[in-house]
Number of protein chains: 2
Amino acid sequence: MVEHLKQRFRERGYRLTRQREAIIEVLAGTGEHLTAEEVHQRVQSICPELNLATVYRNLNLLAEQKIIGKVDFGDGPARFEARSEHHHHLYCLRCGRVVDLLHCPVHLDEKISETYRFRVTGHQFEAYGYCMGCELLNGKVGKP
Amino acid sequence: MVEHLKQRFRERGYRLTRQREAIIEVLAGTGEHLTAEEVHQRVQSICPELNLATVYRNLNLLAEQKIIGKVDFGDGPARFEARSEHHHHLYCLRCGRVVDLLHCPVHLDEKISETYRFRVTGHQFEAYGYCMGCELLNGKVGKP
DNA sequence: ATCTTAGATGCAAATAACTTGCAACTGAAG
DNA sequence: CTTCAGTTGCAAGTTATTTGCATCTAAGAT
């Protein structure tokens with residue numbers, strides 16, 4: 001997995017630096033959806049002195065190359081994940097947990113192009129609500 | 001329309017100030033999806049000296065009260081619109097034009113809650129691509 | 001193994017888009 | 001026309017991210 005990602009990166013003519021390896025390893029080693037800040041923290045152990053600006057530069061580069069995925073839930077910072085194929089998420093409004101959806105629930109019928117005179121090339125969809133743990137807490141502690 | 005929005009605002013116990021009237025008038029008077037900055041500019045004519053911070057405060061307040069709508073396409077600033085019911089958009093990647101969708105193309109089946117152990121309370125969906133004008137320009141001028 | 005250099009990094013400063021603290025102001029209930 | 005909680009203007013602060021630039025380094029050429 002890690003080697004595969006590094007490979008795809010090199011194929012595109014980019015240098016495989018210590019910093020880049022570290023970032024790829026951190027992301028590929030978790031199923032979580034991490035912010036740039038979180039990636040920066042976790043990377044410290046294998047590559048201290050890796051600058052936050054470099055983390056941003058590389059996460060964005062990897063996302064542009066579609067080697068990793070990037071999601072933005074509108075509130076806080078953007079999040080990055082190793083999975084790069086088209087997919088969507090459930091986002092817990094209480095704890096921030098992110099769950100990957102297995103199937104895309106969006107069905108744009110083919111008439112949309114003529115109805116709206118618009119060619120759709122992509123879409124984003126994110127659902128929000130409460131994961132079970134938080135659902136139970138709701139109504140018990142604060143935040144109604 | 002304008003009066004209706006003002007009414008809904010007053011009903012909730014908020015004061016109807018000159019600034020708020022101006023903001024509501026600008027938004028209700030257009031079908032466009034405006035940024036706070038744009039609202040601020042257009043409001044100058046009917047209410048100069050209206051501060052940008054006040055525009056932000058009121059647009060957010062109106063959106064929280066679901067009197068207006070707020071969309072965020074992830075790139076630039078958030079946009080506000082007079083329509084407040086649940087709906088979605090097509091967003092042109094070239095010119096930034098926003099088209100309202102008449103129907104919601106998302107179908108979350110009822111099993112989702114048990115499948116993912118998650119209670120969905122809402123969702124956002126935005127599709128992007130190119131409006132006809134820009135589609136024709138693509139390939140002729142810059143940006144392939 | 002060493003040279004070369006375009007590409008990458010670190011650091012500090014800059015930016016974009018808001019948000020907040022606070023003193024002064026003002027709708028609207030009485 | 002008084003009262004005062006709700007609003008506003010202004011300046012400063014915050015958050016998330018980007019950029020300029022001098023220095024450094026991966027990796028192909030020698």
Side-chain angles (χ1 to χ4, degrees), chain A residues 3 5-26 33-44 46-65 67-81 91 96, chain B residues 3 5-26 33-41 43-44 46-65 67-68 70-80 96:
Chain A
E3 288 313 317
L5 292 185
K6 290 184 186 175
Q7 188 49 35
R8 291 181 60 191
F9 194 61
R10 215 189 228 118
E11 277 164 11
R12 287 170 173 71
Y14 293 103
R15 285 202 207 152
L16 195 54
T17 61
R18 233 172 349 101
Q19 306 54 354
R20 282 172 175 172
E21 288 197 90
I23 291 170
I24 290 174
E25 261 153 41
V26 161
H33 301 67
L34 305 177
T35 64
E37 203 82 53
E38 286 166 345
V39 170
H40 183 229
Q41 281 162 21
R42 300 198 187 188
V43 132
Q44 294 305 312
I46 37 180
C47 183
E49 295 304 309
L50 200 178
N51 198 269
L52 180 59
T54 301
V55 173
Y56 271 108
R57 273 190 284 238
N58 285 318
L59 287 174
N60 283 330
L61 180 58
L62 286 161
E64 275 157 28
Q65 296 298 316
I67 293 171
I68 64 172
K70 178 177 183 176
V71 228
D72 195 339
F73 294 102
D75 59 342
R79 288 163 176 282
F80 298 86
E81 58 181 327
Y91 178 59
Chain B
E3 289 313 316
L5 292 185
K6 290 183 186 174
Q7 188 50 35
R8 291 180 60 190
F9 194 60
R10 217 187 227 123
E11 276 165 11
R12 287 171 172 70
Y14 294 103
R15 282 203 208 151
L16 195 55
T17 60
R18 234 175 345 106
Q19 299 66 345
R20 282 172 175 171
E21 286 197 273
I23 291 171
I24 290 174
E25 261 153 42
V26 161
H33 300 66
L34 305 177
T35 64
E37 204 83 54
E38 286 166 344
V39 171
H40 182 230
Q41 280 162 23
V43 132
Q44 294 304 310
I46 36 179
C47 182
E49 293 307 305
L50 201 178
N51 198 269
L52 181 58
T54 300
V55 173
Y56 272 109
R57 273 190 283 237
N58 285 317
L59 287 174
N60 283 330
L61 179 59
L62 286 160
E64 276 158 27
Q65 297 296 317
I67 293 170
I68 63 171
K70 178 176 182 175
V71 229
D72 195 340
F73 295 103
D75 58 343
R79 288 164 177 280
F80 299 85

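The model shown is predicted, which means the values in this text are computed figures rather than measured ones. Values reported hereafter were calculated over all heavy atoms of this structure, with side chains retained and with hydrogens, waters and symmetry mates removed.
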Give me the distances for all protein-to-nucleotides 1-3 of chain D N/O pairs that come in under 3.5 Å?
none

In whole angstrom, what separates [X]'s [atom1] from [N]'s [atom2]?
X: B:Leu61; N: C:dT19; atom1: CG; atom2: C1'; result: 15 Å
X: B:Gln44; N: D:dG9; atom1: CD; atom2: C1'; result: 13 Å
X: B:Asn58; N: C:dT20; atom1: CG; atom2: P; result: 15 Å
X: B:Leu59; N: D:dT7; atom1: CG; atom2: C1'; result: 15 Å
X: A:Glu21; N: C:dT9; atom1: CD; atom2: P; result: 11 Å

Practice task
State the OH-NE2 distance between A:Tyr56 and A:His40, to the nearest 0.5 angstrom.
Solution key: 10.5 Å

Exercise for the section: Kindly compute the distance separating CG (A:Leu16) from CD (A:Gln7), expressed to the nearest 0.5 Å. Expected result: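 Between atom CG of A:Leu16 and atom CD of A:Gln7 there are 9.5 Å.
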
Handout entry: CD (A:Glu11) with more than 12 external heavy atoms under 6.0 Å
Key = yes

Practice task
May I ask you to evaluate whether A:Arg20 reaches the phosphate of C:dT9, defined as a side-chain N or O under 4.0 Å from OP1 or OP2?
Solution key: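 True: A:Arg20 side-chain N/O within range (under 4.0 Å) of C:dT9 OP1/OP2.
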
Practice task
Report yes if a side-chain nitrogen or oxygen of B:Asn51 is closer than 4.0 Å to either non-bridging phosphate oxygen (OP1 or OP2) of D:dT8; otherwise report no.
Solution key: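 It does not, given that no N or O in the side chain of B:Asn51 lies less than 4.0 Å from OP1 or OP2 of D:dT8.
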
Problem - nucleotides 16-30 of chain D: protein proximity per nucleotide (B base, S sugar-phosphate only, - neither; heavy atom, under 4.0 Å) - result: SBBBB----BBS---

[X] side chain near [Y] side chain, heavy-atom distance below 4.5 Å:
X: B:Glu64; Y: B:Lys70; value: no
X: A:Leu59; Y: A:Leu34; value: no
X: A:Arg8; Y: A:Gln65; value: no

Exercise for the section: Identify the two heavy atoms, one from B:Gln19 and one from B:Cys47, that lie closest to each other, and give their separation to 0.1 Å. Expected result: CA-SG, 4.2 Å

Handout entry: Backbone N/O of A:Asn58 and side chain of A:Arg20: donor-acceptor pair under 3.5 Å
Key = no

